[in-house]
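Accompanying notes for the structure given below.
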Amino acid sequence: QEKAAREREVSTSSATEKEVVMQAPAEVLDALQALAAENAKLRMELEHQRSENVKLRKENQQLQAKETTRGAWLASFMISKKYKEEERSDTPSTRLSAGDASEE
């Protein structure tokens, strides 16, 4: 009997809720429409932000790739420069001086 009474209460309350929703005041409907419009606006803004984010990530990757390439080029240049300086310090005059010293 208690179970049947609870079921009647639930069915009665759901019927009452349906009536309230159907008779919602114009203010509530206006507020819902305003919220829907705000939601649509925010969704568009979110999509714009996402596309901007994708664009910035691509730009960041390109800049990092350029920096990596530049760093590799600079390292290669520095190694080449170091090699040339070592060659210069090992000139024939240096070798000749070393040879002269050994003859004495």
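When reading the values below, keep in mind they use all heavy atoms of this one structure, side chains included, and skip hydrogens, waters and symmetry mates.
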message = Could you measure the distance from the CG atom of Leu32 to the CG atom of Asn39? Nearest 0.5 Å is fine.
response = 11.5 Å
ask   = Which residue pairs pass the salt bridge (Lys or Arg N to Asp or Glu O under 4.0 Å) test when at least one of the two sits in residues 32-55, sequence neighbours left out?
value = none
remark   = Contacts of Glu59 meeting side chain to side chain contact (heavy atoms under 4.5 Å, CB included) (sequence neighbours excluded), chain-then-number -> Leu56, Leu63
